[in-house]
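All values derive from a computational prediction rather than experimental measurement.
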Amino acid sequence: LGVIGHSDKPTKLVVLNNPKSAFSESFRSIRTNIQYLAADKEKKVIAISSSIGGEGKTFITMNLAAIFALSGHKTILIGGDLRKPKLHEDFTINTNIGLSSYLINKASLSDIIQKTQIDALDVLPSGPTPPNPAELLDSPKMKELIEKLNTTYDYVIIDTPPIGLVTDGVILMQHTDVNLYIIRHNF
């Protein structure tokens, strides 16, 4: 689907800070190629995973969501990794509530969706780490949440845990139109 070069930038959000770079162009190419996947769907739900941690899954997820939003598509980025969340490192967001809070009925949807510095991009962070992430992600409430967000947003992009370690990512992929699998060179 595409190749992204290695980034040695201090921030993971390279497309926002370097819109004319080769990195940004690589993400634009992937955005275009994704539009050919599930072509019958006008609005898409996309899950992004990898085998193990450290392959660049969150880096790809954040920048792909940003490139969709910068092109005018209303996009939401879901922190689906309830075990080791990382989205908050590059977005200034509240991590005290999030997806886990919503799934156990401790927060409403409007409480957990947070704005970013990109107009068309919202983030739904993971929230506090629960004792039962797989069960929460496999709940009817999670399926209902994705369906609801898919009516409001053009792209729902989910950052999942690595599927080589836990089943959470595979559980989330049941509800998606496109599943991207990240492989890092020499890793």
Side-chain angles (χ1 to χ4, degrees), residues 1-81 84-95 98-99 112-126 146 149-150 152-163 169 172-173 176-187:
L1 192 66
V3 175
I4 305 294
H6 178 75
S7 172
D8 55 3
K9 304 281 185 217
T11 178
K12 289 183 193 161
L13 204 51
V14 293
V15 299
L16 179 62
N17 299 320
N18 304 291
K20 295 182 181 182
S21 68
F23 286 111
S24 296
E25 202 51 46
S26 296
F27 281 103
R28 284 186 194 94
S29 175
I30 291 172
R31 178 191 66 205
T32 300
N33 291 338
I34 285 173
Q35 292 170 343
Y36 290 101
L37 301 174
D40 58 320
K41 304 270 180 138
E42 191 173 316
K43 297 179 174 197
K44 292 181 175 59
V45 179
I46 302 167
I48 300 176
S49 193
S50 65
S51 295
I52 58 174
E55 289 188 279
K57 176 178 47 61
T58 301
F59 172 79
I60 300 290
T61 305
M62 290 171 46
N63 284 286
L64 192 59
I67 211 76
F68 274 115
L70 289 168
S71 67
H73 297 286
K74 192 170 181 189
T75 306
I76 187 161
L77 175 54
I78 300 175
D81 190 343
K84 286 184 166 180
K86 291 197 175 138
L87 287 179
H88 64 277
E89 293 173 3
D90 282 270
F91 289 106
T92 309
I93 53 176
N94 178 6
T95 58
L99 180 58
I112 60 173
I113 294 177
Q114 299 181 40
K115 300 285 180 200
T116 68
Q117 62 265 42
I118 303 170
D119 286 339
L121 178 61
D122 292 341
V123 173
L124 197 162
S126 305
I146 291 172
L149 293 173
N150 197 24
T152 308
Y153 292 90
D154 300 324
Y155 290 92
V156 176
I157 301 179
I158 308 169
D159 182 32
T160 75
I163 62 174
L172 288 168
M173 289 177 183
T176 61
D177 304 310
V178 176
N179 298 311
L180 301 182
Y181 194 76
I182 307 305
I183 300 168
R184 186 171 177 175
H185 178 69
N186 282 338
F187 191 81

Within-4.5 Å side-chain heavy-atom neighbours: K44 and V156: no
Side-chain heavy atoms of I46 within contact of I48, under 4.5 Å: yes
What is the distance from atom CD1 of I34 to atom CG of L64, rounded to the nearest 0.5 Å? 4.5 Å
Hits for salt bridge (charged side-chain N to carboxylate O under 4.0 Å, His left out) against D122, two or more places apart or cross-chain, chain-then-number order -> K115
Which atoms form the tightest heavy-atom contact between A66 and I118, and what is the distance? CB-CD1, 3.7 Å
Return yes if some donor-acceptor pair links the side-chain N/O of S21 with the main-chain N/O of S24 below 3.5 Å, else return no. yes
What heavy-atom pair brings D154 and G72 nearest, and what distance separates the two atoms? OD2-O, 4.4 Å
Spacing of I67 atom CD1 and S29 atom OG [to the nearest 0.5 Å]: 11.0 Å
A side-chain contact here means heavy atoms from C-beta on lying under 4.5 Å apart; do L121 and Y155 qualify? no
Run the side-chain donor-acceptor check on residues 180-187: report pairs under 3.5 Å with partners two or more places apart or on a different chain.
{"from": "Y181", "atom 1": "OH", "to": "S51", "atom 2": "N", "distance (Å)": "3.4"}
{"from": "Y181", "atom 1": "OH", "to": "S51", "atom 2": "OG", "distance (Å)": "2.2"}
{"from": "R184", "atom 1": "NH1", "to": "G54", "atom 2": "O", "distance (Å)": "2.7"}

I4 and I60, any side-chain heavy atoms less than 4.5 Å apart: yes
Candidate pair L13 and Q117, rule side-chain contact (heavy atoms from CB on, under 4.5 Å), full reasoning: CA-CA 11 Å; L13 204 51; Q117 62 265 42; 3.9 Å; yes
Please tell me if the side chains of I157 and I76 come closer than 4.5 Å, counting only heavy atoms from C-beta onward. no
Side-chain contact, heavy-atom cut-off 4.5 Å: L149 with L124? yes
Is the side chain of S49 donor-acceptor paired with the backbone N or O of P161 at a distance under 3.5 Å, no angle test? yes
Do K43 and Y153 have side-chain heavy atoms sitting under 4.5 Å apart? no
How many angstroms lie between CZ in F27 and CZ in F59, if you round to the nearest 0.5 Å? 4.5 Å
Mark yes or no for whether Q114, through its side chain, and P125, through its backbone, hold a donor-acceptor pair below 3.5 Å. no
Within 6.0 Å of CG in N33, more than 12 heavy atoms from elsewhere: yes
Charged N-O contact under 4.0 Å between K41 and D177: yes
Say whether, by atom type as modelled, one donor and one acceptor occur between the side chain of S126 and the main chain of P85 under 3.5 angstrom. no
To the nearest 0.5 angstrom, please state how far the CG atom of L16 sits from the CE atom of M62. 9.5 Å
Do any N or O atoms from the side chain of T61 and from the backbone of K57 form a donor-acceptor pair under 3.5 angstrom? yes
Given T58, which of T160, D81, D159, N63 fulfils the side-chain hydrogen bond (donor to acceptor under 3.5 Å, both in side chains) condition? D159
Check this for me: K86, atom NZ, are more than 12 non-hydrogen atoms of other residues, nucleotides or ligands nearer than 6.0 Å? no
Write down the atom of R28, the atom of P19, and the distance for their closest heavy-atom approach. NH2-O, 2.7 Å
Would you check if the side chain of T75 reaches a backbone N or O of H73 as a donor-acceptor pair within less than 3.5 Å? yes
Any side-chain heavy-atom pair from L1 and L37 closer than 4.5 angstrom? yes
Over all heavy atoms of both residues, which pair between F91 and L77 is shortest? Give the atoms and the distance, please. CE1-CD2, 3.8 Å
Please indicate whether E42 has more than 12 foreign heavy atoms, meaning atoms of other residues, nucleotides or ligands, lying under 6.0 Å from its CD. no
